[in-house]
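Beneath this line is the structure, given in structure tokens, with notes to follow.
Residue numbers begin at 1 in each chain, while the letters A, B, ... track the order of the sequences. Everything numeric in this text was worked out from a predicted model, so none of it was measured.
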Protein chains: 2
Amino acid sequence: MTTDEQSLSTAGRPLTARGEKTRARLLDAAEHVFAELGYHEASIVKITEHAGIGLGTFYLYFETKQAIFEDLVLDLNQRVRRSMSEEMEGATTRIEAERAGFAGFFRFTAEHPALYRVVREAEFVSPPTLKLHYERIVEGYRQGLARAQSDGDIDPRLDPHVAAWALMGVGELIGMRFLLWDRDVNGAPAALDDEVFDSMMRFIDNALGGRRTQGGDE
Amino acid sequence: MTTDEQSLSTAGRPLTARGEKTRARLLDAAEHVFAELGYHEASIVKITEHAGIGLGTFYLYFETKQAIFEDLVLDLNQRVRRSMSEEMEGATTRIEAERAGFAGFFRFTAEHPALYRVVREAEFVSPPTLKLHYERIVEGYRQGLARAQSDGDIDPRLDPHVAAWALMGVGELIGMRFLLWDRDVNGAPAALDDEVFDSMMRFIDNALGGRRTQGGDE
DNA sequence: AGTCAACCTGAAACATGATTCAGGTTGTGG
DNA sequence: CCACAACCTGAATCATGTTTCAGGTTGACT
């Protein structure tokens with residue numbers, strides 16, 4: 001359930017139950033520390049302290065600070081995607097699916113606001129890992145859009161690949177502005193305001209070009 | 001022409017012609033060094049070396065490493081916006097303006113790919129500066145969209161503020177994926193592929209909901 | 001009730017780099 | 001051609017933090 005796509009670093013060592021647990025502790029601590037302080041302010045000492053583990057132990061499980069960061073990003077990637085696909089399960093039309101997918105994305109972001117930050121920081125800490133993250137999300141999207149297109153569910157003139165990236169962009173900045181920034185003021189978990197969500201969905205609904213109006217091309 | 005909005009750091013000191021020149025040299029060097037290495041890999045020594053100036057001199061012009069970074073982001077912000085509004089000048093309809101604005105944005109990004117990176121890194125180095133950057137861009141957008149709305153040029157049901165952020169997101173991720181990543185392979189200046197651009201504009205055109213089809217509300 | 005992997009530990013080695021400071025240089029106005 | 005701002009300099013000071021290492025601890029198995 002976890003050993004699937006990972007395969008990026010994770011020093012290979014036997015790992016008995018005890019070891020497994022320690023490793024998990026470290027990853028969990030890293031999540032909190034990186035999220036709160038950012039990559040460069042975070043230190044191995046802080047991570048091991050948070051995990052309640054000796055400093056030296058860290059290097060039994062991860063080669064470097066960067067290695068644990070990369071593992072963390074991949075872990076988060078799986079979790080967001082799960083959150084999205086869970087929400088999308090029942091959807092029948094593409095627009096329904098889209099609405100559900102975004103709801104899942106925002107739910108995850110609202111629940112783990114700081115984690116969003118970790119992912120974005122990957123752009124500077126480990127670009128290849130960030131690419132992986134984005135590409136895995138986009139790929140699902142692209143397929144969904146292509147299928148919707150052959151079902152006549154959305155505008156056939158759109159390029160699914162381009163549209164998928166455009167949708168990611170919308171989600172990313174709307175999430176950043178209306179979930180994370182607004183949240184900073186108080187401390188509430190705060191879901192995305194309904195009006196904002198609806199307005200965004202109208203934008204997207206338009207963009208994908210619903211069923212009707214497939215008339216001429218100018 | 002430059003002293004307008006700046007006002008964020010820039011230690012206040014007399015500054016004769018000679019000093020002015022040195023300061024400009026430092027900012028220019030910072031641009032190159034930050035762009036190439038990122039904030040944390042960049043060092044004051046590297047910046048002063050690139051500028052051909054003594055290490056200590058740096059601190060006569062900037063309080064800290066962070067201060068020069070912030071000045072740089074604000075400077076870039078002005079330049080992108082100029083690039084966008086230059087391009088938008090002749091446009092009559094909102095869609096035309098949109099197309100031109102994006103063209104300007106991508107032109108700037110293509111010409112200064114590394115600078116894009118500096119701006120995005122501001123999210124981690126100086127969040128308030130990043131907010132300023134985004135908000136200055138969005139504000140122009142929002143006004144344009146609101147005006148277009150009262151002219152009946154775009155879907156009246158959209159919230160201009162939300163739509164503006166959505167558009168920013170589209171530009172940001174499309175630029176990142178199709179300009180910066182594709183570019184990395186070879187080294188060409190490479191403008192955004194026409195097909196990609198057109199496809200993105202179709203998406204946006206749809207999203208803003210052109211003149212026709214203003215029918216019912218469900 | 002001993003043995004041996006596997007696991008854990010934190011002080012110290014090493015590296016890096018921002019910032020300061022005591023003292024030099026430049027060039028302009030008189 | 002003197003004097004004094006304004007300007008410049010880079011070695012030394014501090015601070016921080018990753019990574020290593022020599023030596024303990026634990027617990028499953030016999």
Compute the ring centroids of A/Phe178 and B/His161, then answer whether they are less than 6.0 Å apart. yes
Relative to the 5' end of DNA chain C, which residue comes earlier, B/Gln66 or B/Arg18, by the nucleotide with the nearest heavy atom? B/Gln66
Output the rounded distance in Å from NZ (A/Lys21) to P (D/dT26). 15 Å
Within a strict 4.5 Å, meaning less than it, do heavy atoms of the A/Glu195 and B/Asp159 side chains meet? no
Hey, would you say the A/Tyr141 and A/Trp165 ring centroids sit under 6.0 Å apart? no
Taking atom CD of B/Gln66 as the centre, does the number of heavy atoms from other residues, nucleotides or ligands within less than 6.0 Å exceed 12? yes
Quick one: which of C/dA6, C/dT19, C/dG17 gets closest to the side chain of B/Tyr59? C/dT19
Within this structure, what is the NZ-to-C1' distance between B/Lys46 and C/dA18, rounded to whole angstrom? 13 Å
For B/Ala17, which contact category applies under a 4.0 Å heavy-atom criterion: base, sugar-phosphate, or nothing? nothing
Is A/Arg99 salt-bridged to A/Glu96, going by a charged N under 4.0 Å from an acidic O? no
Mind telling me whether A/Phe197 and A/Phe106 have parallel, tilted or perpendicular rings, with 30° and 60° as the class edges? perpendicular
Closest to side chain of A/Lys65, choosing from D/dT18, D/dT9, C/dG17: D/dT18
Can you tell which of C/dT19, D/dC8, C/dC7 lies closest to the side chain of B/Thr22? D/dC8
A/Tyr39 ring centre to A/Lys65 NZ or CZ under 6.0 Å, with the angle to the axis within 45°? yes
B/Tyr61 OH to C/dT19 P: how many Å, rounded? 18 Å
Looking only at side-chain N and O atoms, does A/Thr16 come under 4.0 Å of OP1 or OP2 in C/dC7? yes
I need the CD1-P distance between B/Ile47 and C/dG17, as an integer number of Å. 12 Å
Rounded to whole angstrom units, what separation is found between the CZ atom of A/Phe58 and the P atom of C/dT9? 14 Å
Could you check how far CG of B/Leu60 sits from P of C/dT26, rounded to whole Å? 16 Å
Output one line per pair: protein atom, nucleotide atom from nucleotides 10-16 of chain D, and distance, for all N/O pairs under 3.5 Å.
unit_1	atom_1	unit_2	atom_2	d
D/dG10	N7	B/Gly56	N	2.9

Tell me the interatomic distance from B/Ile68, atom CD1, to C/dG17, atom P, rounded to whole angstroms. 17 Å
Rounded to whole Å, how long is the line connecting atom CD1 of B/Ile44 with atom P of C/dT20? 11 Å
